[in-house]
Structures are given as structure tokens and as C-alpha cells.
Amino acid sequence: MSTGAFVLRRLGVSTLQLLALALAVFFLIRALPADPVARLVGQNPTPEAYASAKRSIGLDEPVTTQLGRYLGVASGSSGILQGDLGRSWVSGAPVGKEIRDALPITIELVTIAFALAFLLSVPIGMMCAVKPGGAADRSAFAYSLFAGSQPEFWWGLLFVYVFFSVLNVVPPPLGRLDPMLTPPPSVTGFITIDSILAGRWDALADGLQHLALPVLTKVFVLSGPIIKMVRQNMVRVLQSDFVLYARAAGLPPTRIARYALRSALAPAIALFGALYGYILGGAVVIETIFSLGGIGQYAVRSILSFDYPAIQATILVITAISLFVYLLLDIVHAVVDPRVTH
Amino acid sequence: MTTSPDTALRSPAVAPALALGPAATQRIRLRRALRGNPMLAIGSALVALSVALMIVGPWLAPFDPQSVVGVPSTPPPAALDWPRLVWTSLTGAARPPHWFGTDASGMDVFSRVVAAPRTDVAIALTATVSSFALGVALGLVAGYFRNPATELLMRASDLVQSFPVFISGMILVALAGRNVGNIVVALALLYAPIYLRLTRAEVLSQRHRGYVEAARALGNREIVVAFRHVLPNALAPAIIQSSVTIGFAILMTAGLSFVGAGVRPPTPEWGLMIAVGANDIVQGEWWPSVFPGLAISLTVFGYAAFGNGLERVYGR
């Protein structure tokens, strides 16, 4: 199979998966015994007020009609098939726009944290693998087991206490930027990139200061599993025949390490994709602590206020991004290791 | 996992023990396993402590964990005073102090921390046992009987696994009603596919072994072969996984109440306590959130270490 056919097939499967997910979420939230109308009209509404609120959000219609409008197959309405995610029942604004505003914040946080954790963990994991069972290996192993099983919301708070309340070296955990600062004009939605584009170095510095603790928290928790993964793969590769051959041929150790790293990372690429999707969906608590206003906080708000269109869209968008990253890394994997496509 | 696995059990030193009775052998095996495996020892101790507190925790609490019993935001006693205070409260000379201080509403933090395993650990254990039972049974069926129905089952499991776990947990609990029962059901459903997958893979590697053929040749019905013969041989991966799942379930239970989609106040629950304390930590009142967080941290680490130790004992 050529790489092109491989990508096309994977794209097709991912699209089907997303559609199945959209349907599952649609029916799941309607099957659960929540009453979104009561949330909208408040306590003790008159029957008329209740009925009109129910009509205004379209819950009085049969489920099939609701589904048709959600998907966009009913005449005269647009739905997810046309890329329209609907309007929020709480704010009345288009969900698509609200998500477009929130999403870059989360992606920025997750990507920076992921990249840093990766840069930190790969050398540590390699160091451990060179001398398995040594002192460095054992302490790194204990660390990865510990960090991989920690409540990140608690560590986030501890860092706030130490670095803000006691040392006062970071800004308070109240958002992505200082409220007194005018944000840079939005081009990409990523504060870091937008500040650089506009030459707003004050906004860049402030934005990075606000990101410091959330990123620190994420890196602390994330580096555990990555170290473990790199170490395991590396140990296996170092015992393989081609490394033995390279040693016998008298290649310098740094060169052997480079070869070994490449074949140790290739099988881990797919795992990184899964991990990225996992932390994207798990950004909820960290955003809540630091009030970052990303997609995680948006999810909390929508779920607690029973805002069905927003809930459906949030899950769909998060899963779509994880599938996309997954696919992207699979393609990278296929390019690095051509055996994958066969 | 580090160095060569399973050395503790296969070393020649264990061999003489095989001459003893099975009970003695097991005791020696256990001791060897614990000595060569400090993680398993630490993990077992923390796991035992968490289970013990789940059972007796609420009775150990010096104050009612669900009511206001003191001046709000009282800091814990100074470390130097602890020996004297322990003595006076043990001898009954004075009322016990608020060991971990009180929270912003005046509830005793220590009582709540030791009473909370009745919520956190109980939820995690029940949810894990349920997802284990569900996932292993379905995984056995999906691996042993391969037909369109089990193929459909696998696709359904894929679908559940493609959901973002934490957000799905929030949806299930918030929309079904924020109570303990719904948290257990949500966690059990979300974790079942892991067991399904692990067990199915193991069954696939077992189903063509000689003992399966033999059991079949003896005239056993397929369902008997699957459940009585294949199942016991395909359990190891799921058993190892369960310790990790309990830890994750505790993190999730606490995380859900931290964002407001879990149990309701004033239930003694670690995540809820951290959420309440989060408002005060910026002002420097660290004790209402630090102590419950420490409890989660140690407990979940305990289950992870225990799981890791099991993994080495099983030689995987």
C-alpha cells in the first residue's frame, strides 16, 4: 500500500469514527435524566414559561427531528455536516465561535507542556537505559512511577502556594493575560504567536509568565510516563542485534546512541499521539485552577449548565483533534518506518 | 520491569522451599517477593492503609467530619507542640486539637481526611471490581467466540475508548445526578474497555494451546471450556491492571468533585476538600487543601507501586 492510500484509508476510518461518536453523544446526553429546561428557567417556573423555554431550545420536538437538525440533513437547517455546531443555550452565541476562542489557549498550553516534557524526558530515559539497574535508573524509575500517579490539580495548587503566595515570582492564577493589559490583535488566536507577530513583547512576557505554572504542573505529571516509555524501548533496542553489530564494528557510542534512539522512538510515536489526545481531554482541571479560559473550562461550564449543543461540540472537537494528531503521527511513523504501511 | 523480572521467584535460593508444604512455600515466596521488590512492599503498605481507613476511618475521626466543630480557618498546631498534644489527647487530659486545622467553614480537616476513604477508596474499589467483571467477561467472549456479534462489541469498545475520559466522566455524572452510585457506574463503564482489550488479547494467545484442545476433546461444551479453562489462564494482565485502575479511579473521583461534577458537600471527600481549600491557598491558608492532597498523592502512588510490584512478580 502506498503512503497516499494509507492516509486516505485512515482519514475515512477517522471520519466514520467521528460520526459514530457524534451520534453516541447525541443520544447519550438525551438518555440521561437531566432537565436542561429547568436549568434555563430557574426555580418554580409557571408551566407556560417552562413550555416556552422548552420550545425555544427545540426540546419539544421528537428526537428524530432534533437529530436531523443537529446533523444538518433536515431541509432549511445547517448542522455538523455543514460545519455548523449550533448555538449555545446559555449564551446564545454560536458554539463554533466560542470554541474557536477557547481552543487555541488549550492547544498552546498542551503543546508547550508536551514539547518540554518530551525534551526533558528523552535524555533522562536514554540515560537510564544505558545502565539499567544503576542508581540513575532506579531514581528515575521511582520518579516516573510517582509523577505518573499524582493529582495534578493538587500540584498546581501547591505550585501556586509556593511560587505566588510565598515567593511571589509569578502572577496570580487568574487568567491567560493580565486583565490590565490589552491583548495583542488576534491573528492565530495563540497569544504567544500573536504577540510575536504584533511585536508586543510586553504581552509575550506576561503571557509566558501566566503559562509558567500550568506548564510546570503538566510537565511534572507528564514526564513520568514518557521517561518510562523511552527507557523501556531504549533498553530493548540496545539489546538488539544491530546495536551489537554496530558495537562490534567499533562505531563511536554517540553514533550508536543516535541510531538506537531513532528505532526506540519510532514505535513510541503512536503512543505519543494517544498521550496528546489524553492530555487535551484532561486539560480540564489545570485550566480550572489557573482560570485560563480554554476548552477544558468551556467543557466544565457547558456540562454543569446542561448546554447540550456546547457539550456535543466540545466532545466532537476534542476527539477530532486527537484523531488528527494521531493520524499525523501515524503518517510520520509510516515515513520513518516504511514497514507500517505493509 | 527494571532489570530482569521475576528473579525473586526463580532464583535457586527458592528451590529448597519447594520441598516444604504449599502454605510454607507461599509464605517464603511472599517474603522473597517483598524483599527483592521494595516498590511492592511500599505499595502493599499504602494499599493496606487505604483499605483499613475505608473500613474504620470514620470511627477514628475525633470530630464529626460533616459538621462545623471549631473556629473557621484555625491553623494546625505547631510541630513542636505535637508530642505534648498527642500525649494529652491520648490520656484524655484535654480535648484533641484540630491536628490539620479547620477549613473556611470550621470543619475539622483531620477528621475529614481520615473519613474520606469511605467515599474515595470505596468508590474506586467498587468501580474497579465492576469494570473488571464486565470487561473480563466480555473480553473472554470476544476473544474466544469470534463472530460478527463480537466484532460489533469490539467496535463499540473502540467507540467508548475514543471518548475523552475525564470529560465523559463529567457528562455521565453531572447529567445522571451527582451521587456516589452514578460515579461508580460512570467509572465502571469508562474503564471496562481496558479490561476487555487486555483479556481478549490474552485469550487470543491461549485459545490454540494444547490444554484448550484437550478440554474440548473431553467433550466439554464451548462455554465451559471458555469460562472454566481459558479464563483462569487469561486473568493475569487484568489483575495487574486493576491496581492501576483503582489509583486512576481515585484521581478521577477527586478530580470530578474538584471541578464541581462529583459528590456534593459536605461529604468528606479529598477532591472536594481541595476544591474548598483552593480559594484560601492564595491567601496563604495552605492546610485545608494540602492535607487531603497529600492523602490522594500517597494513596494513588501506593496503588501504582503495588501494581508495578505485581507486574514484576508475574514476570511481565
Side-chain angles (χ1 to χ4, degrees), chain A residues 17-18 20-21 24-25 28-29 31-34 36 128 132-133 137-138 141-142 145-146 148-158 160-161 164-166 172-174 228 231-232 235 277-278 280-285 288-289 296-297 299-300 302-304 306 311 314-315 318-319 322-323, chain B residues 1-4 38-39 42-43 155-156 158-168 170-177 182 244 247-248 250-251 254-256 258-261 270-271 274-275 277-278 281-286 289-290 292-294 296-297 299-305 307-308:
Chain A
Q17 213 171 337
L18 271 184
L21 183 102
V25 174
L28 175 74
I29 55 182
L32 291 171
C128 299
D137 185 28
R138 281 160 60 156
F141 170 73
L145 194 66
F146 179 76
S149 61
Q150 287 304 299
E152 61 174 24
F153 50 101
W154 182 61
W155 283 96
L157 278 179
L158 276 188
V160 168
Y161 177 68
F164 170 70
S165 307
V166 177
L174 298 171
K228 197 170 155 187
R231 182 201 168 276
Q232 262 170 346
V235 166
Y278 178 74
L280 192 64
V284 177
V285 285
T288 308
I289 296 170
Q297 254 190 308
V300 176
S302 338
I303 293 170
L304 294 185
F306 298 167
I311 296 175
T314 311
I315 287 238
I318 289 181
T319 314
S322 343
L323 285 177
Chain B
M1 188 168 295
T2 38
T3 63
S4 61
M39 281 296 171
I42 297 171
R155 295 289 83 78
D158 283 348
L159 185 67
V160 175
Q161 280 197 305
S162 71
F163 278 67
V165 178
F166 193 80
I167 296 185
S168 312
M170 281 173 61
I171 293 179
L172 287 173
V173 176
L175 267 58
N182 285 332
V244 176
F248 277 147
I250 293 175
L251 282 183
L256 283 176
F258 181 76
V259 298
W270 292 327
I274 298 177
I281 206 163
V282 187
Q283 273 106 49
E285 283 174 19
W286 50 273
S289 47
V290 164
L294 208 57
I296 302 182
S297 170
T299 310
V300 181
F301 171 67
Y303 282 96
N308 177 264

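The structure displayed is predicted, hence computed values, not measured ones. Below, read A as the first sequence line, B as the second, and so on, with proteins coming before strands; counting in each chain starts at 1.
By number of non-hydrogen pairs under 4.5 angstrom with chain B, the leading residue of Val235(A), Val284(A), Val166(A), Leu18(A) is Val284(A). By number of non-hydrogen pairs under 4.5 angstrom with chain A, the leading residue of Val244(B), Leu172(B), Asp158(B) is Leu172(B). The residue among Ile315(A), Val160(A), Thr288(A) with the most heavy atom pairs within less than 4.5 Å of chain B is Ile315(A). Of the residues considered (Pro36(A), Ala299(A), Pro151(A)), Pro151(A) shows the highest number of contacts with chain B, using heavy-atom pairs under 4.5 Å. Residue with the most contacts toward chain A among Gly307(B), Ala261(B), Ala254(B): Ala254(B) (heavy-atom pairs, distance under 4.5 Å). Ranked by non-hydrogen atom pairs under 4.5 Å with chain A, the options Pro164(B), Ala304(B), Gly293(B), Gly247(B) are led by Gly293(B). Among Leu175(B), Val160(B), Ile171(B), the residue making the largest number of heavy-atom pairs under 4.5 Å with chain A is Leu175(B). Among Trp270(B), Tyr303(B), Phe166(B), the residue making the largest number of heavy-atom pairs under 4.5 Å with chain A is Phe166(B).
Ala31(A) does not touch chain B: none of its heavy atoms, backbone or side chain, sits under 4.5 Å away. Using a 4.5 Å cut-off between heavy atoms, Leu28(A) contacts chain B through its side chain alone, with no backbone atom that close. Within the 4.5 angstrom heavy-atom criterion, atoms from both the backbone and the side chain of Phe146(A) approach chain B. Only the side chain of Ile318(A) comes within less than 4.5 Å of a heavy atom in chain B; its backbone stays farther off. Looking at Ile250(B), there are no atoms closer than 4.5 Å to chain A (heavy atoms on both sides), in backbone or side chain. In this structure, chain B has a heavy atom under 4.5 Å from the side chain of Ile311(A), while its backbone stays farther away. Of the atoms belonging to Phe248(B), it is side-chain heavy atoms, and not backbone ones, that fall under 4.5 Å from chain A. The part of Leu304(A) that comes within reach of chain B is its side chain, from C-beta onward, which places non-hydrogen atoms under 4.5 angstrom from that chain.
Listed here is the closest heavy atom pair of Val285(A) and Phe258(B): CG1-CD2, 4.1 Å. Between Leu32(A) and Ala176(B), the closest heavy-atom pair is CD2-CB, 3.9 Å. Shortest non-hydrogen contact noted between Met39(B) and Leu145(A) is SD-CD2, 3.6 Å.
Residue Phe301(B) qualifies as enclosed at atom CZ: its count of foreign heavy atoms under 6.0 Å is above 12.
Side-chain contact between Val300(B) and Gln150(A) is absent, with no heavy-atom pair separated by less than 4.5 Å. Under the 4.5 Å side-chain criterion, counting only non-hydrogen atoms from C-beta, Val300(A) is not in contact with Ile167(B). Using a 4.5 Å heavy-atom cutoff, the side chains of Phe153(A) and Val259(B) are not in contact. Put simply, the side chain of Ser165(A) does not reach to within 4.5 Å of the side chain of Gln283(B), judged on heavy atoms.
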- Message: Between Val25(A) and Phe163(B), does the side chain to side chain contact (heavy atoms under 4.5 Å, CB included) criterion hold? Intermediate values first, please.
- Response: CA-CA 9 Å; Val25(A) 174; Phe163(B) 278 67; 3.6 Å; yes
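If you run side chain to side chain contact (heavy atoms under 4.5 Å, CB included) between Leu157(A) and each of Val282(B), Val290(B), Ile274(B), only Ile274(B) comes through.
Trp154(A) places no side-chain N or O within donor-acceptor distance of the main-chain N or O of Gly271(B), the cut-off being under 3.5 Å. Ser149(A) contributes no side-chain N or O that, together with a main-chain N or O of Ser297(B), makes up a donor-acceptor pair within less than 3.5 Å.
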